[in-house]
Each structure stands twice: as C-alpha cells, then as structure tokens.
Amino acid sequence: MFQEKEVCACIWCKVGENEMSGKLLFGKLWGDHGQEALESAHVCVINATATGTEILKNLVLPGIGAFTIVDGNRVSGEDVGNNPEKLLDNDPSFFNRFNLVVATQLPESTLLRLAEVLWNSNTPLLICRTYGLVGYMRVVIKEHTVVESHPDNMLEDLRLDKPFPELTEHVQDYDLEHMDKKDHSHTPWIVIVAKYLTKWFNEKSEQLPKSYKEKEAFKELIRQGILKNENGTPEDEENFEEAIKNVNTALNRTEVPRGIEELFNDDCCLKLTEQSSSFWILVRALKEFVANEGQGSLPVRGTIPDMIADSSKFIKLQNVYREKAKKDIAAVGSHAAKLLQSLGKAPESISERELKLFCSNAAFLRLVRCRSLAEEHSPNSCSKDAIISHMDNPDSEIVLYLMLRAVNRFYKQHGRYPGVYNYQVEDDIGKLKSCLTGFLQEHGLSVVVKDDYVHEFCRYGAAEPHAVAAFMGGAAAQEVIKVITGQFVIFNNTFIYSGMSQTSATFLL
Amino acid sequence: MADGEEPEKKRRRLEELLADGMAVDGGCGDSADWEGRWNHVKKFLERSGPFTHPDFEPGTQALDFLLSTCKVLVIGAGGLGCELLKNLALSGFRQIHVIDMDTIDVSNLNRQFLFRPKDVGRPKAEVAAEFLNSRIPNCAVVPYFKKIQDMDESFYRQFHIIVCGLDSIIARRWINGMLMSFLHYEDGVLDPSSIIPLIDGGTEGFKGNVRVIIPGMTACVECTLALYPPQVNFPMCTIASMPRLPEHCIEYVRILQWPKEQPFGEGTALDGDDPEHIQWIYQKSLERASQFNIKGVTYRLTQGVVKRIIPAVASTNAVIAAVCATEVFKIATSAYVPLNNYLVFNDVDGLYTYSFEAERKENCPACSQLPQNIEISPSAKLQEILDYLTNNASLQMKSPAITATMYGGNKTLYLQTVASIEERTRPNLSKTLKELGLVDGQELAVADVTTPQTMLFKLHFTT
C-alpha cells in the first residue's frame with residue numbers, strides 16, 4: 001500500500017545546557033512546579049508523520065521529560081512489535097507507563113481498542129488528526145481536576161461588601177477628614193471606598209449601592225471627598241479617581257461561585273475514601289471551612305492590586321489581607337488534617353504548599369470529566385440531540401466531524417481512504433456518500449449534509465498538509481501540557497479546526 | 001524505544017527518525033523532487049472542489065508557480081519566523097527570503113527550534129536559512145541580517161507576498177506604510193498589480209492573532225491602530241519615591257541607580273545576559289525593597305524585569321504561524337478564499353478562535369489617500385501639534401520630526417532625534433503657529449519611525 005509520508009523536517013533542540021533556562025522561561029507561564037511536572041513526564045506519541053512530529057516538537061521545546069514514539073508506518077526492517085495494533089494484541093499494558101498517550105492519524109478501529117485499554121487503566125488519551133484542511137482532536141480523560149486554572153479576567157477578592165474584622169479595624173484607623181494633603185492623596189483607594197461605604201450606610205441607604213443610579217450616586221459621594229484648594233477647585237487626587245473608577249467592580253457580592261458549589265455537592269466530595277485524591281479532600285475541607293469559619297465565604301485570597309499609595313500605607317493594607325488569608329488557610333488546613341486522619345492517611349500527604357495554592361485558587365477550581373470514546377461511538381449513547389441541534393446551521397463545524405466519521409467508515413469498508421488517487425475521486429464520492437448515509441442512519445442522526453462536503457472530503461484524499469498539521473501540533477501539544485501540569489483548562493471533548501474557513505469549534509460529544 | 005533522561009540522546013533519536021523517514025520516501029541522494037513529494041499539496045491544486053476560490057483553476061500551473069516563481073518575504077526569524085519558514089518550505093515555497101536584525105540569544109532556544117546552543121551570537125536569519133537549506137532539498141532561503149528599515153523600495157517590490165512574525169508594533173506600521181506607498185491609482189482605480197498582500201501574525205503567551213492585509217482593499221495596520229493598546233510602563237514617581245511592588249524596586253535600580261553609579265565602568269551599558277550585572281541589580285533591588293518593607297525581589301524576577309522577558313510558548317507560535325502559512329498558500333495559489341481578515345486565538349481555557357472583518361478607516365493616514373487635516377487655532381503653540389501627533393490614538397507617533405515649506409525652502413520646526421537640532425528647535429515648541437509664520441492651509445511634513453513615508457498634514461486655522 002502506497003503510503004504518503006510527509007517530509008518531516010521538523011527539527012528541535014532542547015533548551016541548552018543551562019538548567020535554569022527552563023524554569024526561567026516558563027516560570028511566568030506555569031511556574032517551577034509546572035515545569036517540574038513537565039520535566040518528569042513521559043508521553044507516548046503514536047505515529048510520527050507531520051502531525052505527530054509537530055506535537056513532539058512542541059513538547060520537547062518546553063522541556064518534556066521523555067517521549068516514546070510508536071510508529072506502525074516505519075519500514076526499516078525492525079521488529080513489527082513497534083506497531084500500535086500489535087501492541088494492543090500482545091501487550092496492552094505497555095501503555096500504562098505513560099502520563100498521557102497522543103494518538104495521531106489512526107484508523108477508528110484501532111482508536112476504539114486503544115481508548116478502551118487506556119480508559120480502564122486511567123491513562124489520559126489525546127486523539128489528534130489532520131485530514132485535508134480539517135483538524136480534529138478528542139480528549140479522553142475520566143476525570144481531570146485543575147487548581148490553577150489562571151482565568152483571564154479575575155476579579156479581585158477585596159471583601160468590601162463583607163469586610164472581615166481586621167479590615168474594618170484597619171480602615172477605622174484612617175481619619176480622612178483630618179489628614180494632611182500628602183497622606184490624603186496617597187491613601188489606597190480600597191480604604192477610600194470602605195470609608196465612603198460607611199458614610200453611604202449612615203446617610204443614604206442600608207443596602208450596598210447596586211443599580212447604575214446608586215453606583216453613580218456613590219461615586220459622587222466619593223468625589224465630594226476630594227480636597228479642594230483655597231479657590232474651591234478640586235485638587236488632583238489620583239487615588240480618589242482610582243476609587244471612583246473601581247466602584248463598578250469593587251462592590252461585587254462576595255459569594256461562592258456556582259462551579260465551586262457544584263464541587264461541594266459532587267459525590268467525590270461527599271463520599272471520601274482512602275483512594276480519594278488530595279483535590280477532593282481539599283474540596284471537602286473547603287466546604288467545611290465555608291460552612292464554619294468562612295461564614296458562607298471562601299478563604300480570603302490575600303492579594304490586592306497595585307494602586308496609588310505611599311509604600312507604607314500600601315504594604316500595611318496588603319498585610320491585612322495577607323494575614324487574614326494565612327488564618328483562613330490554617331483553618332482549611334485543620335479541616336483537611338482531620339479528614340486525612342479519619343481516612344487513615346498521613347497528615348503530610350497534603351503539603352503546606354499544596355494547601356496554600358488550593359486556597360488562593362479556591363474560587364477558580366475546575367473539573368473536567370470526559371465521556372469515553374465508546375460512549376460517543378455507540379448508537380445508543382451518542383450525542384444525537386447535540387449534533388442535530390448544531391446542524392441547524394448546515395455549515396457548522398460539526399458537519400466536518402460527521403464527514404470524518406463517514407471517512408472512517410469508508411476506510412473500514414474499503415481498506416483505504418477516499419480519493420487518494422486522482423482516478424478514484426469521482427467514484428469515491430458516491431461511495432463516501434453511502435458511507436455517510438449509513439452512518440447517519442445507524443446513529444439516528446436525521447440531518448442533511450450538503451453534497452459539497454462529500455466532494456470536498458474526497459478531494460482531500462486523506463492528505464496531511466503541513467500547515468494544518470502544524471496548527472494541530474501546536475493545539476494538541478498545549479492540551480498535553482495542560483494535562484501534565486494540571487494548569488489551565490483543557491477542552492471537553494471534541495475540537496474541530498477548519499483551515500478553509502479559519503474557524504474552529506468545540507463540541508461535547 | 002523509550003527514551004529518556006539525556007537531552008542530547010533525545011535529539012539524536014529524533015533526527016534518526018527523520019532521516020529514516022526521508023529515506024523511505026525515496027532517494028534524497030540527488031536534489032530532485034522524489035515521487036510523491038508534493039502529493040499533499042497537489043490534491044489542492046490539481047483537483048477541482050466545491051469551496052475553491054472563484055478564480056481557481058485546477059492544474060499544474062499553481063504548483064509550478066510555487067516551486068519556481070513565487071517569491072515570499074518572511075519578516076522576522078524568531079519564534080514565529082522559524083515556524084513560518086518551515087511551514088512555507090514544506091508547503092512547496094522555494095524562493096523564501098528572510099530578514100531579521102537580531103542575533104540568537106540563549107533564551108530563544110526553547111521555541112526557535114532552528115537554532116542550537118552552538119549558534120548563540122550568530123544572526124538569526126543566517127542560521128535559519130542554513131538549517132533549512134541543508135535539510136530540505138531544493139529549498140533556497142535567502143537571509144538578510146538587517147533592519148527592515150535598511151532595505152529600500154526596490155527590495156520589497158520584488159515579492160509576491162510578505163508575511164510577518166514581528167514583535168514590534170513600530171516595525172509592523174513601517175512595513176505597512178511601505179506597502180501602502182506602492183499602491184498605484186489610475187483615474188481613481190486601484191491597479192491590482194501594485195498590491196502586495198501582507199500577512200501579519202502576533203503572539204503573546206497563550207494568545208495570538210493573524211491578519212490578512214490586501215493593501216488598498218482591506219483594513220491595514222494603521223486603520224486598526226486602536227486594536228494595539230499603548231504599552232504601560234510604571235509611572236516614574238512610583239519608581240522614584242513610592243515603590244510598592246518588587247518590580248518597582250528593580251526598575252528603580254535599573255533606570256536610576258545604574259546610570260548614576262556606573263558600577264562596571266563609565267559608559268558600560270547594562271547587559272541582561274551578564275550574570276554579574278544581574279547580580280548587582282538584584283542586590284541593590286533587595287536593599288531598596290528592604291527600605292520599604294517590600295517582599296518578593298528574587299534573582300529570577302530581577303532577570304525577568306531587566307530582560308523584559310515576555311512569556312512565549314512554542315505551541316502558540318506553532319498555531320499562529322500555521323494559520324499564516326495557510327493564508328500565504330491560499331493567496332499564492334487562489335486555492336481558497338483567504339481569511340477576511342482578522343483571527344484571534346486563545347487557549348487558556350479550552351481552545352478559542354474568532355474571525356472577523358476589521359474595517360477600513362475612512363481617513364486612514366496610511367491607506368486612505370486622503371490628506372490628514374489638523375484643525376487648530378493660530379495662537380496654539382507648536383507643542384500642541386507635537387502632543388497631538390504622539391497622543392492621538394490613530395497616529396501614535398514616537399518622535400515626529402516636523403518641517404514646513406516656507407520662504408522657498410524647508411524649515412525644520414522641531415526634530416528630536418538629533419541632539420543638536422533638538423536643542424536648536426526646542427524654543428519653537430513654545431511659539432505659536434502664527435509666530436512661526438505658519439498660515440492657514442499650510443502643509444506640514446512629518447517624519448517618524450512608524451512610517452517609511454513622510455506624512456503630510458494640512459493646517460486649518462480656527463478662529
């Protein structure tokens with residue numbers, strides 16, 4: 001069988017002899033601990049065509065610890081043991097040693113077998129494929145928990161709506177009415193908002209300013225507090241301007257996010273066992289903190305944004321938040337220790353570092369659970385409704401997924417992919433269409449796929465154009481890094497890229 | 001099979017794999033294209049399809065064009081540039097030119113994969129070209145170790161397509177201005193042969209974007225200047241007297257203490273790669289921080305601040321360069337309709353792309369062919385015009401030089417970039433336009449790093 005091999009001139013080099021480099025360069029992205037996780041990981045990549053080698057390159061460059069390539073296409077006189085099918089036949093436990101398996105350019109039947117083995121051994125699997133101008137990824141992980149999700153738009157945790165006693169005490173020490181000009185202009189805006197909130201409660205309303213009108217009135221109240229010179233014109237007090245600007249976000253209600261509540265009600269949290277991961281034990285400890293010391297709130301995060309203030313005032317204020325955070329962390333820690341004890345686990349199984357990281361990220365914890373590949377493929381459990389609904393737009397990227405399924409079916413029936421040779425294209429269009437129809441019928445998918453897509457997929461002839469492989473190589477590598485470092489959030493569970501329209505979409509199938 | 005602890009071993013293993021792969025494909029002995037080499041590309045060029053560009057005609061001419069005629073310029077041989085070069089070479093492009101003014105730094109090695117530790121110090125463009133030319137048969141990358149501003153019109157005119165992987169907005173605006181200056185209008189109608197498409201990619205951490213610019217037709221870089229927010233630096237008063245963060249302390253030492261104390265000799269510039277320099281900055285930063293009770297100054301942070309290390313990761317560069325290369329391919333072959341015209345990418349939470357059509361600005365200084373007007377009172381000072389040129393969101397000039405044609409000659413009103421002329425012309429800033437002899441309708445010629453062409457502004461006096 002003629003095999004089209006991409007000329008893979010993907011070359012890479014490890015970050016030099018300088019050991020510090022990896023940590024220096026990636027410290028800002030995923031921290032030392034993330035880099036360490038990456039450097040101790042062992043990943044398996046199946047098939048080293050353009051897609052596989054691109055993924056590898058993007059893992060080797062940031063410092064992946066080790067990799068193993070399983071390539072069934074190599075005709076170099078070696079033992080045929082280096083072949084995914086044979087491995088699944090003879091030694092499926094081979095895959096247990098890896099932190100993650102990346103399977104590229106594999107036929108559906110092999111994927112289903114591989115996915116079953118890995119699902120049972122709880123080894124994360126990432127499927128990646130380049131087919132013409134279409135890229136496809138499917139992540140299969142039973143459960144993936146993320147402490148450091150690094151959300152893009154993180155609101156500060158200032159507690160101005162529910163000030164803790166130490167904060168109230170600190171704010172009380174300020175007497176805005178009787179400060180000299182320099183101090184007045186260098187008072188942190190958090191203190192200003194807190195002070196004026198008290199004034200608001202005394203003069204205007206018992207409730208926090210909520211509506212647009214109320215917030216504007218509150219801002220005006222603050223504005224009145226700006227010092228005026230002898231002529232009555234307001235001085236230039238940047239800190240007051242900061243306070244006014246921040247009113248919109250600073251008064252947000254402190255509450256436990258819905259996602260975190262869901263974690264609290266998850267079986268894994270409610271029913272802890274010896275096998276429970278530290279993540280779930282900490283979630284439970286967090287839940288107990290919220291119900292007790294937290295009085296309905298998560299532990300104080302302990303950080304404040306930079307703001308106009310003199311050094312001393314800023315540091316003092318920052319320390320108020322830091323100290324409170326420390327207290328809250330200790331309380332969570334004590335709940336965790338009790339839980340560990342009741343489970344017969346050593347108190348050291350959760351380190352101080354882990355506890356701190358968990359508490360400061362308590363509002364951003366994330367959980368991803370993927371459906372198995374078998375579930376997705378079985379006509380009884382496939383995501384009929386979701387697919388039909390997406391196909392309301394007949395050009396939705398979901399149609400590309402359906403075509404890939406059809407192409408897989410074609411391969412199963414004919415032992416090859418459609419349109420590989422020019423002379424095959426015309427006839428294969430009809431054959432591919434029947435494969436598509438058969439697939440749709442079998443899975444109860446009452447949708448209409450435009451003939452244009454059938455034609456286009458025959459045209460592709462299972463090509464693996466480098467630019468598309470490179471896109472998928474980058475996309476897939478980053479998802480692998482997310483799984484290994486446990487930071488940032490992976491997609492769930494199917495990602496489709498169209499190089500033709502330069503669009504992409506994620507589907508839960 | 002399983003490979004492991006040593007990086008050198010890992011690299012050699014991979015190279016073995018590739019060498020095997022190339023041998024399987026058949027005969028790399030001579031430099032001829034082996035059977036099946038461009039199969040993946042041919043499928044898109046020799047077969048008709050339902051989604052192709054209206055101008056597309058299947059046949060062998062498109063591949064021939066790619067392999068023998070098409071000339072592409074890659075600007076930048078860094079993170080994006082390396083990826084772009086590889087992608088283009090593996091997609092059939094042969095006449096690839098690459099320009100980059102930098103040399104290789106050890107911090108580049110984690111993503112600029114055409115470079116090895118032994119190449120540190122050598123020009124990026126040259127090493128990249130060497131590497132690809134020796135690995136990819138028939139590939140002819142031509143390097144230029146130069147600033148883009150060092151090359152003239154005739155250099156840029158030779159290319160069919162230009163693709164950028166730059167890290168500077170100024171450079172982007174410059175090349176944008178250059179291409180806009182090529183546009184030729186005949187009776188108000190744009191001559192298509194004067195258009196050189198520009199594909200521009202940018203990345204930062206886990207975010208990236210790609211834009212396709214067809215000069216004279218789509219939005220250009222200047223049209224959408226507002227999309228590039230001005231860089232924020234720490235205010236000087238914070239650094240000088242009111243530090244709160246460890247970064248403030250480090251910047252204090254870097255900006256104020258180093259020039260004052262000249263610790264390594266008179267006139268010795270701070271070198272971010274010299275560990276002794278960094279150590280000095282670090283120690284002094286610790287002292288400063290302890291004065292203000294600020295915690296968090298570390299050697300690592302010091303290095304990061306001094307070297308202005310922007311986090312960069314191979315995967316984002318790979319994705320963005322891939323999108324760029326696909327667009328270059330589409331435009332060169334008319335295989336598909338190109339991206340119209342801006343794509344953003346972010347993989348912090350799952351993966352997200354969004355494409356939209358950035359709109360042209362009606363009075364864009366670079367591509368609209370309309371004169372730029374300034375409405376101003378004759379009693380306004382020249383300083384006001386300077387401020388307008390630098391602060392206006394659509395202009396964002398860096399250090400504009402202003403001249404006017406007066407009394408039969410060119411009078412330099414203000415120029416910052418040469419110290420002696422700056423001193424001489426500085427008093428003009430506090431003179432009114434009337435005092436300077438400027439009249440209603442006067443044209444001012446403004447030169448700046450952000451544009452290769454002098455920009456003309458017309459003064460309209462308000463009463």
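Keep in mind that this is a model prediction, so the values were computed, not measured. Note on naming: letters A, B, ... go to the chains in the order of the sequence lines (proteins, then strands), and numbering restarts at 1 for each one.
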Q: Does either side chain, that of Thr51(A) or that of Glu464(A), offer a donor lying less than 3.5 Å from an acceptor on the other one?
A: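 Indeed, the side chains of Thr51(A) and Glu464(A) share at least one donor-acceptor pair under 3.5 Å.
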Q: Val41(B) versus chain A, heavy atoms under 4.5 Å apart: side chain, backbone, both or neither?
A: neither
Q: Can you say whether Tyr497(A) sits under 4.5 Å from chain B via the side chain, the backbone, both, or neither, judging by heavy atoms?
A: side chain
Q: Phe51(B), Tyr352(B), Phe345(B), Phe292(B): which one forms the most heavy-atom pairs within less than 4.5 Å of chain A?
A: Phe51(B)
Q: Check each atom of Lys207(B) against the heavy atoms of chain A and say whether the ones under 4.5 Å are side chain, backbone, both or neither.
A: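 Contact with chain A involves the side chain of Lys207(B) alone.
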Q: Looking at chain B, which one of Ser149(A), Gly473(A), Ala309(A) has the largest number of heavy-atom pairs inside 4.5 Å, strictly under?
A: Ala309(A)
Q: Using a cut-off of under 4.5 Å on heavy-atom pairs, state which of Leu339(B), Val323(B), Asn346(B), Asn340(B) scores highest against chain A.
A: Val323(B)
Q: Highest number of heavy-atom pairs under 4.5 Å with chain B: which of Pro151(A), Gly419(A), Gly132(A)?
A: Gly419(A)
Q: For the candidates Gln318(A), Met307(A), Met472(A), which exhibits the highest count of non-hydrogen atom pairs separated by less than 4.5 Å from chain B?
A: Met307(A)
Q: Tell me, yes or no, whether the heavy-atom count around Glu238(A) atom CD, taken from other residues, nucleotides or ligands under 6.0 Å, exceeds 12.
A: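 Atom CD in Glu238(A) is not packed in, count stays at 12 or less.
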Q: Parallel, tilted or perpendicular for Phe356(B) and Tyr354(B), by the 30°/60° rule?
A: parallel
Q: Please determine whether a side-chain nitrogen of the Lys or Arg among Asp119(B) and Arg116(B) lies less than 4.0 Å from a carboxylate oxygen of the Asp or Glu.
A: no
Q: Any idea which of Ile308(A), Thr506(A), Asp306(A) has the most non-hydrogen atom pairs under 4.5 angstrom with chain B?
A: Asp306(A)
Q: Tell me whether Ser355(B) contacts the main-chain N or O of Gln502(A) through its side chain, where contact means a donor paired with an acceptor under 3.5 Å.
A: yes
Q: Run the salt-bridge test on Arg211(B) and Glu357(B) with the 4.0 Å N-O cut-off and return the result as yes or no.
A: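 No, Arg211(B) and Glu357(B) are not salt-bridged.
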Q: Check each atom of Thr238(B) against the heavy atoms of chain A and say whether the ones under 4.5 Å are side chain, backbone, both or neither.
A: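 Neither; nothing under 4.5 Å.
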Q: Set out, in order, the CA-CA distance, both residues' side-chain angles and the distance that settles ring pair (Phe, Tyr, Trp, His ring centres under 6.0 Å) for Phe56(B) and Tyr336(B), then state yes or no.
A: CA-CA 8 Å; Phe56(B) 176 70; Tyr336(B) 287 87; 7.8 Å; no
